[in-house]
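All values below come from the heavy atoms of this structure, side chains included, with hydrogens, waters and symmetry mates left out. Chain A is the first sequence line, chain B the second, and so forth, proteins listed ahead of strands; every chain is numbered from 1.
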Amino acid sequence: MNLDFTPQEEAFRQEVRSFLKEQLPARLAGKVRTCKRLSKQDMEQWHAILHARGWLANSWPEEWGGTGWSLAQRYIFDVETAMACAPRIVPFGVMMLGPVLIKYGSEAQKQYFLPRILNGSDWWCQGYSEPGAGSDLASLKCAAIRDGDHYVVNGQKTWTTFGHFANMIFCLVRTKKEGKPQEGISFLLIDMNTPGIEVRPIILLDGKHEVNEVFFSDVRVPAGNLVGEENKGWTYAKYLLTHERTNIAGIGASMAAFEWLLHIARAQKKNGRPLAEDPYFAARLARLEIDLENMKTTNLRVLAAAGQGVAPVAESSMLKIRGTEIRQEITALTRRALGPYAQPFISEALDEGFKGAPVGPEYAAPVAVEYFNNRKLTIFGGSNEVQREIITKAILEL
Amino acid sequence: MNLDFTPQEEAFRQEVRSFLKEQLPARLAGKVRTCKRLSKQDMEQWHAILHARGWLANSWPEEWGGTGWSLAQRYIFDVETAMACAPRIVPFGVMMLGPVLIKYGSEAQKQYFLPRILNGSDWWCQGYSEPGAGSDLASLKCAAIRDGDHYVVNGQKTWTTFGHFANMIFCLVRTKKEGKPQEGISFLLIDMNTPGIEVRPIILLDGKHEVNEVFFSDVRVPAGNLVGEENKGWTYAKYLLTHERTNIAGIGASMAAFEWLLHIARAQKKNGRPLAEDPYFAARLARLEIDLENMKTTNLRVLAAAGQGVAPVAESSMLKIRGTEIRQEITALTRRALGPYAQPFISEALDEGFKGAPVGPEYAAPVAVEYFNNRKLTIFGGSNEVQREIITKAILEL
Amino acid sequence: MDFNHSEYRQMLVDMLGRYLNQRYSMGVRHGIAQSDAGWSAEHWAALAELGVVGALFGEAVGGFGGAGFDIGAVFEQLGKALVVEPFLGTLMAGTALAQAGGHAELLNEMIAGQAVVVFAHEEPQSRYDLRDVETRVLETADGWALTGSKAVVPQIEAADWILVSAREAGGISLFLLGKMVAGVSIRGYPMIDGGRGGELILEGADAKRVGSPGEAYAIVEAAYAAGNVALVWEAVGIMDVLKAATLDYLRTRKQFGVPIGKFQALQHRMATMALEIEQARSAALNAAAALGAGRLERERKAAAAKFTIGKVGTLVAEEAIQMHGGIGMTWELPLSHYAKRLTMIGHQLGDEDHCLARFIALGLGPEGATA
Amino acid sequence: MDFNHSEYRQMLVDMLGRYLNQRYSMGVRHGIAQSDAGWSAEHWAALAELGVVGALFGEAVGGFGGAGFDIGAVFEQLGKALVVEPFLGTLMAGTALAQAGGHAELLNEMIAGQAVVVFAHEEPQSRYDLRDVETRVLETADGWALTGSKAVVPQIEAADWILVSAREAGGISLFLLGKMVAGVSIRGYPMIDGGRGGELILEGADAKRVGSPGEAYAIVEAAYAAGNVALVWEAVGIMDVLKAATLDYLRTRKQFGVPIGKFQALQHRMATMALEIEQARSAALNAAAALGAGRLERERKAAAAKFTIGKVGTLVAEEAIQMHGGIGMTWELPLSHYAKRLTMIGHQLGDEDHCLARFIALGLGPEGATA
């Protein structure tokens, strides 16, 4: 029994820290720490910095430009970058499509697309969910019909994050209507500039545009953009979910958000003393800190098991559930910490270049929005209800 | 809008209080308040006192020796007797069988059995649950086959509270195997002294005997002991559940238990001050008090609706769920209040006549047992899971 | 015991409900809530005309209501339609003016919809502590001048008059302030749940005294008690809408070939949500019934209700969004706006922890001396 | 990072598990737990023979373990079998003796199973406050005499020696006490979770000094830290049994024609229970890993783990009973005994609220000066 990282791993941690100290722009870290909105350029800037260092694709093998890191290294990198308030790597190309292409893509697809993911030529988005296919993803209807050396795609995708920034989309499409729904799905790469594609914004409860609906009308996609075999797309889509994900609990992001919460709770006053010392608020903070410490160790256990070749499918579900619950509780406590100042909503204050004075404490503006926005954590990426189903079947065998 | 009782109802409350002051033996109230065990004689004594005053059967019409009280009067009586720490009326004859006989029994059954319930000649117990039929009560198997002017009963009942005290049992038995399970059930009255009946104790986690298994082997029951029609027993059994139950939330009992908890929390010391003033314990107490106050008003609303002729089936389920949750939380906090002294278990100290000195505070002995024993509240009488099903169907219509 | 409204009050409720249903649709509401003004003078006038403002005040000051259940009945309806107009400020300022005595003309104007008065009591540092007032008073040749800050005052820009508290003579005093006076500045902003609020900055602003010097704390408490009754009933109205919308969604949204309302895990959570809403309604009933009672009873019931609403409101808002999934987070669906408002009610006049601590403190000593 | 036991420790775990499985069945356990003695000297000797006591102590004092994970590994197995023998007292007394220095012979006897020593520190008024010691010391011609009371000491009747704390010289001192000495009386009683405990009443009882006068608080803390590690691992062992028993029941018990484990509402609750148990296991790992660390780290992790076990333990015990229904409340089913023990672990050495407050206090100031 030994809960510590090896000296080599600790040395790697120092290397990551040095890199972050030198290369992470203070402007970006400041925006992330205070929950300001990142622009497309902000995200691209961080992408380029990581690419320049060779640390962008940390779940790819070295031969395709990845880092070839161990799971422990990837975990350390995730935690350290998050704790330093680096922007999150936009996941669709690097984290999601990349591994699928490396495992299932054709040589030509790999040669063409992987470098473009790394150098930022392509901004990918994800075409999985549909209005009628959310938790029940396999019921998706967006259809691709083979027509010569093209597929003709008709249908709709939704909840497409950053679809309005993307020039490429990877889609699950239906290529067969008979049989089990899972067996008629294919994995298709589509250029967003193809005629017949329309992207419509979905405005979220903060009045902002982050996700989209994508409509396909007779969109012609070269057959060469099919990944793997026709009707095997479900396997590829699931691969990502069963692939070891060291960061699903979002430990680093939660640690950073908890630090920020502590900062706020110490700055806020209640009855003339720091809110962090109020018995009730202190108890809320302590419960959260203990939950977070416990989850950190649970995450390491899953990591160690994965390192020994155990595919931690259902354990990932536990990490997803508890990780998102903790993250939501952090944003909820941050909201509570503000008292009456959770109410004012100066949307412009969340963007760079805002010149106005803050209303109430300087950290107040993004807090309530962040709380509401983070309700998505337990919904998207496999809702926590779906995760409980996975636990029921895979761990509990009920 | 008016949350108050009428002056007449308040006068009735005074009448009840005077009666309790004069007639409730201090010995019994003391045992109830401190959660000591009541003997069979204790329960019979209180039964007789209420009968002498004509207040025993407060859900029966006057013509059969009941009080003819309004729902509000019954509620007031329930609360006042519980607050005064009177023993609970053993419900099987007075509360459960009586109303069924009055509505569905033959004239002969009513003439014979109802007076015997009132004067204590019969001690009834309930034969509903079976080892394979708990939440799914309609699947019961205990069979009664007509043989001339008798039924021959074979099978088993379980969880029979006070079965070892009873001389009579009312049973749901299967008289038809075909068709819907609910349509082959009959309601039978059985003398416990009939040959072929065996009562076996079930020992609960406190090591004590309160419930039983009852086995029937070729037990011959006169056909005249069938209540109502053959195969209609499910209707009679359900009648009790849909019948207005003013006391399902157990407001009075919870109020009394909460008072006792406050007494203990004020007497216990933490860091040299009363435990009731510890911020965490005070918060637990306050949450509970607020829950209880809220439920009190919910109960009055249900009462008012029932008084207007609305049968509050599903609302009863809400009261059952929240009422038992609150009661369990009270016993849990009482257990917490004791700190280390929750552990010693002097079983004899719960019985009358115990001469030993208490271990720790005088109120400590029954507390942990009471906590564990009250886990039954959310299981028996229609588990809280079953109640949620009722709410789902009857209120939410899902 | 009678849990029905009186005939007259029921008429008002029906009329108000009908008005909002017909003229204050979600589209109209968003238009108003997102507008520069953040409220609609036209609807305000129409609602006052219907008697909705008058229902908040007793006959002694020219109203025709003013009981806890009058306030509750009105705010329940306002909650169902997410009305952003300055009812809360009007209720609290009017209650305070009525308690202070005099001001008959201004109260008449308020009830007629001709003057909007809001109540500015809390300060940037006070965090729900009603005794924490730092705004100062100086006597001047003409009267009094105020200096200090007041925090997050709903619809302060809509006000013709602002009722302001200040520390004086070892206690708290009240003053009426015109918006256009020198030394008054307002930093207005949108609120996350719609409508606008603002910070009030006072730098030697001339003001008129209301009531006796240093004796206004009891008035402030009474105004907050009325405000709390209003908010808990507004929350009850919102929770009923959220429950109905979620049930409707569970019945119609299909996944895995069946309505998601057929999934038992969701059913049992929904049953819990329904049960908690009924508990919250009972808490609101208790608070309304106690508004006319003695201070301790009134304050304990108000604190209990606001605590309950804070706790249950968070559960209902979060569960309603979660059971809707992604669609529950969209601007398009009214649901998200109800959830935002319900959550923010938990930040107004006292949050869950504050109300619990107050409930506890009110239970100690004679007449809750420590609270 | 390595979450596996060392080969040697795994051998001990396997051996202990096998012994308990074969020789300490639930029937045997009940017989012992309900007996007049409340423990079995025979099993105690056999387990000591196997090295189970020695595993709790370091080589410096004649043991061959003593690390947090040694203690955890042993108590996890003891939990799975609901062992009632005086392991906790032995661990805490032995840890304190080892820290105090000397006492090599007595420690050897303990490890060999020839002497049972328990630790009597808490008092009727102290409620988990380790600094609250009122037992007094008087110097006599022969040495020292103790007067005071010690509360709820597990298996005190089984002890040959009792390690007792007393207030002296502005601090706390430790003393060793023979049971048969004049001035010592023990009020023994059964515990609700099996086995026996007792109250110790001292009226001028002769005792031998252990360690330096007034400086034992640090030793007491270290003994309690070890005790907490033991209890949280015992709880983890119990929770695994409760989970397995409940899953088994959900798979086999049928209602409405299907195994009740097919009901989604129960499935999702079971998933939550499983998830919480893994969190509790992580907390126990953290506490074991930190047992050898500096005081602040050790105490914070111990408090966090005991808090977690208190919270999760209540959930697991209550849910296991609830999902079993009536049968879960019967004496016959082992389940109810596991639930009782798990609940009572929450009452030993510090409850949920105490541990949370301690965790908070340890976070303030340098080295948790206020805790």
Side-chain angles (χ1 to χ4, degrees), chain A residues 1-6 9 70-72 75-76 262 274 276-279 281-287 289-305 307-308 314-315 317-323 325-326 384-398, chain D residues 1-6 9 67-70 72-73 243 246-247 250-251 259-264 266-290 300-301 303-305 307-308 311-312 352-353 355-364:
Chain A
M1 284 282 184
N2 179 5
L3 276 59
D4 300 325
F5 287 96
T6 65
E9 287 160 349
S70 69
L71 290 174
Y75 174 83
I76 290 169
L262 278 183
E277 295 173 20
D278 170 70
F281 208 85
R284 290 183 188 273
L285 288 172
R287 284 201 186 91
E289 186 178 351
I290 291 170
D291 274 347
L292 185 52
E293 284 297 319
N294 292 345
M295 186 178 62
K296 229 191 272 182
T297 299
T298 308
N299 203 355
L300 295 182
R301 289 164 52 203
V302 173
L303 211 62
Q308 294 182 338
E315 285 76 9
S317 294
M318 287 193 175
L319 292 176
K320 163 72 163 62
I321 292 173
R322 185 43 53 97
E325 285 174 351
I326 287 177
N384 281 16
E385 288 78 17
V386 169
Q387 305 300 335
R388 282 197 161 76
E389 291 293 306
I390 294 172
I391 293 173
T392 297
K393 273 153 196 93
I395 302 189
L396 305 181
E397 298 172 21
L398 287 177
Chain D
M1 250 175 348
D2 180 5
F3 290 92
N4 300 307
H5 285 308
S6 66
R9 196 185 287 143
F69 288 113
D70 295 310
K243 184 178 98 170
T246 306
L247 280 172
L250 291 180
R251 287 187 196 111
I260 60 173
K262 290 294 171 201
F263 290 104
Q264 196 193 31
L266 295 186
Q267 291 175 343
H268 283 209
R269 280 161 60 184
M270 200 64 213
T272 299
M273 180 167 144
L275 190 161
E276 293 288 350
I277 291 174
E278 293 316 311
Q279 290 289 89
R281 195 186 318 281
S282 290
L285 284 162
N286 290 344
R300 264 177 77 88
K301 290 286 157 66
F307 165 80
T308 302
K311 189 183 62 154
V312 178
E352 207 182 314
D353 286 357
C355 294
L356 192 68
R358 186 160 168 82
F359 180 84
I360 292 168
L362 287 162
L364 298 174

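Heavy-atom distances place both the backbone and the side chain of Phe3(D) under 4.5 Å from chain A. Heavy atoms closer than 4.5 Å to chain A are found in both the backbone and the side chain of Ala304(D). The parts of Glu397(A) that come within reach of chain D are both its backbone and its side chain, each placing non-hydrogen atoms under 4.5 angstrom from that chain. With a 4.5 angstrom heavy-atom cutoff, Leu398(A) touches chain D via backbone and side-chain atoms both.
When each of Ala282(A), Ala304(A), Pro279(A) is scored by its heavy-atom pairs under 4.5 Å with chain D, the top score falls to Ala282(A). Of the listed residues (Asn286(D), Leu250(D), Leu266(D)), the greatest number of heavy-atom pairs within a distance under 4.5 Å of chain A belongs to Asn286(D). With chain D as partner, the option from Ile391(A), Asp291(A), Thr298(A), Leu285(A) having the largest number of non-hydrogen pairs under 4.5 angstrom is Thr298(A). Ranked by heavy-atom pairs under 4.5 Å with chain D, the first of Thr6(A), Leu3(A), Asp4(A) is Leu3(A). Counting heavy-atom pairs closer than 4.5 Å to chain A, the top-ranked of the candidates Gln267(D), Lys311(D), Lys301(D) is Gln267(D).
Looking at residues two or more places apart in sequence or on another chain, you find no salt bridge (charged side-chain N to carboxylate O under 4.0 Å, His left out) involving Lys262(D). In this view, Arg287(A) and Ala283(A), Phe307(D), Leu356(D) satisfy the side-chain contact (heavy atoms from CB on, under 4.5 Å) rule, not counting sequence neighbours.
Leu303(A) and Met1(D) make their closest contact through CD2-CE, 4.1 Å (heavy atoms, listed as atom of the first residue, atom of the second, distance). Smallest separation of non-hydrogen atoms from Met1(A) and Leu285(D): SD-CD2, 3.9 Å.
Here the side chain of Arg301(A) pairs a donor or acceptor atom with the backbone of Glu278(D) at under 3.5 angstrom.
Within the model, atoms CD of Glu325(A) and CG of Leu275(D) stand 7.0 Å from one another, a figure rounded to the nearest 0.5 Å.
The shortest distance between side-chain heavy atoms of Glu289(A) and Arg300(D) falls below 4.5 Å. When side chains are defined from C-beta on, Met318(A) does not count as touching Gln279(D), because their heavy atoms never get closer than 4.5 Å.
For the residue pair Ser282(D)/Thr297(A), the side-chain donor-acceptor check at 3.5 Å is not satisfied. Side-chain contact of Arg388(A) with Thr272(D): a donor-acceptor pair under 3.5 Å is present, judged by distance alone.
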